[in-house]
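Since the structure comes first, as C-alpha cells, the remarks are kept for the end.
FYI, the numbering just counts along the sequence from 1. Any value given below was found using the heavy atoms of this structure, including those in side chains, with hydrogens, waters and symmetry copies removed. Not measured: the values here are computed from a predicted model.
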Amino acid sequence: MSAAQPTPRTRDENTRFFGQPWSLVHVFGVEMWERFSFYGMQGILLIYLYFSVSQGGLGIPEAVAGGIVGAYGGSVYLSTILGAWVADRLFGSERVLFVSAIVIVAGHLALALLPGLVGVGVGLVLVALGSGGLKANATAVVGTLYAPDDDRRDAGFSLFYLGINLGAFIGPILTGILQSTLGFHWGFGLAAVGMTLGLVQYSFGRRSLPAAAREVPNPLPAKRYPLVGLIAAGAVVLIAVLALLGVIRADNLSTIVIGGTLVAAIAYFAVILTSRRIDSTERSRVWGFLPLFITSVAFWSLYQQQFTVLTLYASERLDRNIFGFEMPIPWVQSINPVFIIILSGVFAAIWTRLGKRQPSTPVKFGLSAIIMGSAFLLFLPFAGGGENSTPLLAIVGILFVFTVAELLLSPVGLSVTTKLAPSVFHTQMVALFFLSIALGTAISGWLVQFYDPKNEVPYFSILGTIAIVVGIGLLLSIKPVLRLMQGVR
C-alpha cells in the first residue's frame, strides 16, 4: 500500500489567538492541563519515594528514588516513539492525542487510589505511556496549523510552550499544598482532576482542527496488524518476565532506560535515513538534525535535574523560609515556569520582529548549551554549605538562567523538527526530538548517584563544563550544519 501524502497546507489567516490560528487554543488547552497534572505529580513524586513511612512516603534510598524519577521521566519521552508510530501508521496524530489523554487520567487515578509501590508502578506506567502519546502528537498537531513558509511558526510554538508552563507553574503549587496538608495521595488525586479538565476541554474543541491533523501519513497494511499485535504482546511479557527475574530493578531503571533510548535513537535515525520514501533533500536535513540531537541531550541532562538533584538540594540545603512560612519543597519547581510565562512572550515577540533575520537554529542550540552549563557553574559559590545555607534568591537567579537556556532550545527544537521532518516521517521525527529529551532525562536520574552534598564542586563544575564545550562545538560547526539542513534555518 502506498503511503498517503500529507495534504498541502495553506496559510490560516485567522489571527484571533494572539496573532495565531484560533485552532491553536484547543491544543494549547489540553497541553496546559496535561502539564498541570504531569508537573503537579512529579513535584511530589521524588519526596514521596524517599520520605520515610512516618512522613507518608515509601522510605526508598535517595539515590534509588532519584534513579526511578529519572527513568520515569525518560520513559515518558521514550514512549513518544510508540505514540508517534501509532499516529503515523494507524490512527493519525489527533486521535492518538485524544486517547492518550484518557490513559493519563487513568494513571493519575492509580497513583491516587492504589497504595504503595503497586500504585507507583501502575500509575507511572500509564502516565508515561499516555504522556508520550500526547506529547509527540500535540506538537505534530500544532505543526499542521501552519503552512511551511508561515513566519508565525516559531512564535506559535512559543505560545504553545506558554500553555505548557502555565500548567507547570500551577501544578506543583497546588499539589504541594495538598501534599503538605492532607497527604501525598490527595496531591496525586488533584493531578487526576486537572487532566480530566484538559480532556473535557479538548473533547469540545478537537473537531475544529484541520483535516491534516487526522491524516495517517504512512498507513500500515492491514495484513501486518496481527504481527504488530504479537510484537506488542511479546514486549509486555518480556518486560514482566525480566522484572520477575530481577533483571529490571528499581536501582538500575535509569541505566536500562538510557540503554533502551540509545538503541531506539540509533535505530530511528537508521530507519529514516535508509528509507526509500525520502528524497536526497529530506535525507540531508535528517543528517543536519543529528548535531542538534546531541546538543539537546547535553542540555536536558542538566536541565532535568530540577526534578532530581535540585529537589534534594531544596529539601536539604535551601533556605525555604519566607517571613516565617516554610515553602513546600515542590514549590521550587514552579519558579522556572514563572520565568517561562514572563519570557516566552518576549522571545515570541523577538522572533516575530526579527523574522528571517533571527539567529539560525544551530546558533540558538549552541547558546542554549553554553548558558545551561553556566547555570551549573553558578552553584559553585554555595558549594559546601550546611542546612538552609543557600538563599532562596540564589536559586531563583539560577533558575532564571535555566529558563533563558530553555527558551533558546525547547520551543525552537519543536519547531525546527517539524520543518526538517520528511513528509512520511512527520510525527516520528518529532519523536526523535523527544528521544533526545528521554536520553537526557534518564541521564539526569543516573547522575544522582554521583551527587555528594559534602563535595559538590566536582559535580557542578564537570557537568557545567561539558555542556559549555558541547555548545561551543556546535557554534563552530554552524556552516556545515546549515548546509545539511538544506534551506531550513
ask   = Is it the case that Y202 and E31 place a side-chain donor and acceptor less than 3.5 Å from each other?
value = no
query = Got V30 and L199 here, is their nearest side-chain heavy-atom distance under 4.5 Å?
reply = no
request  = Report the C-alpha separation of Y39 and F169 in whole Å, then their side-chain angles, then the decisive distance to 0.1 Å, and conclude whether the ring-ring contact (aromatic ring centres under 6.0 Å, His included) test is met.
outcome  = CA-CA 8 Å; Y39 285 107; F169 165 65; over 10 Å; no
request  = Could you pull out the closest heavy-atom pair between V401 and A375, with the gap in Å?
outcome  = CG1-CB, 3.7 Å
message = Can you tell me if I322 has over 12 outside heavy atoms packed within less than 6.0 Å of its CD1?
response = yes
message = Just verifying a value: how many Å separate L45 CG and I68 CD1, rounded to the nearest 0.5 Å?
response = 8.5 Å
request  = Measure the spacing between CG of L302 and CG of L310 and express it to the nearest 0.5 Å.
outcome  = 11.5 Å
ask   = Below 4.5 Å, heavy atoms only, C-beta onward: do V127 and M195 meet side chain to side chain?
value = no
task = Start with the C-alpha distance between V216 and L90, add both sets of side-chain angles, then the distance that settles side-chain contact (heavy atoms from CB on, under 4.5 Å), and finish with yes or no.
result = CA-CA 6 Å; V216 182; L90 297 175; 5.8 Å; no
task = Let me see the working for E456 and F382 under side-chain contact (heavy atoms from CB on, under 4.5 Å), right down to the final yes or no.
result = CA-CA 9 Å; E456 295 174 321; F382 309 99; over 6 Å; no
key: F269, CZ atom: more than 12 neighbouring heavy atoms under 6.0 Å   = yes
task = Please name all residues satisfying side-chain hydrogen bond (donor to acceptor under 3.5 Å, both in side chains) with S315, sequence neighbours left out, ordered by chain then number.
result = Y50
message = Walk me through whether L475 and I370 qualify under side-chain contact (heavy atoms from CB on, under 4.5 Å).
response = CA-CA 10 Å; L475 290 180; I370 292 170; 3.6 Å; yes
request  = Compare all side-chain heavy atoms of T390 with those of D319 and state whether any distance is below 4.5 angstrom.
outcome  = no
query = Do T417 side-chain atoms and G413 backbone N/O form a donor-acceptor pair below 3.5 Å?
reply = yes
Stepwise side-chain contact (heavy atoms from CB on, under 4.5 Å) test for R285 and T281 = CA-CA 6 Å; R285 287 174 176 173; T281 297; 3.8 Å; yes
remark   = When every non-hydrogen atom of P328 is compared with those of R320, the smallest separation belongs to C-NH1, 4.1 Å
inquiry  = Within this structure, what is the CG-CD1 distance for the pair L378 and I395, rounded to the nearest 0.5 Å?
reply    = 10.0 Å
request  = Search all heavy atoms of S334 against all heavy atoms of I173 and return the closest pair with its distance.
outcome  = OG-CG1, 3.3 Å
key: Among L97, V76, V99, the one residue meeting side-chain contact (heavy atoms from CB on, under 4.5 Å) with L134   = L97
ask   = Which of parallel (below 30°), tilted (30 to 60°) and perpendicular (above 60°) describes Y313 and Y451?
value = tilted
inquiry  = Give me the atom names and distance for the closest heavy-atom approach of G74 to T441.
reply    = N-CG2, 3.4 Å
From CE (M372) to CG (L409), nearest 0.5 Å = 11.0 Å
query = Closest approach of K364 and Q358, non-hydrogen atoms and distance?
reply = NZ-OE1, 2.6 Å
query = Can you find a pair of side-chain heavy atoms, one from R317 and one from F379, that are under 4.5 Å apart?
reply = no
task = Report yes or no: does S284 contribute a side-chain atom to a donor-acceptor pair with the main-chain N or O of S280 at less than 3.5 Å?
result = no
note = Smallest heavy-atom separation, S360 atom then L482 atom, equals CB-CD2, 4.0 Å
task = Look at atom CH2 of W287 and say whether more than 12 heavy atoms of other residues, nucleotides or ligands are closer to it than 6.0 Å.
result = no
note = So CG of L463 and CD1 of I468: to nearest 0.5 Å the spacing works out to 11.0 Å
ask   = To the nearest 0.5 Å, what is the distance between CD1 (I371) and CZ (F299)?
value = 9.5 Å
request  = Give a yes/no verdict on a cation-pi contact between R95 and F98, requiring under 6.0 Å between NZ or CZ and the six-membered ring centre and an angle within 45° of the axis.
outcome  = no
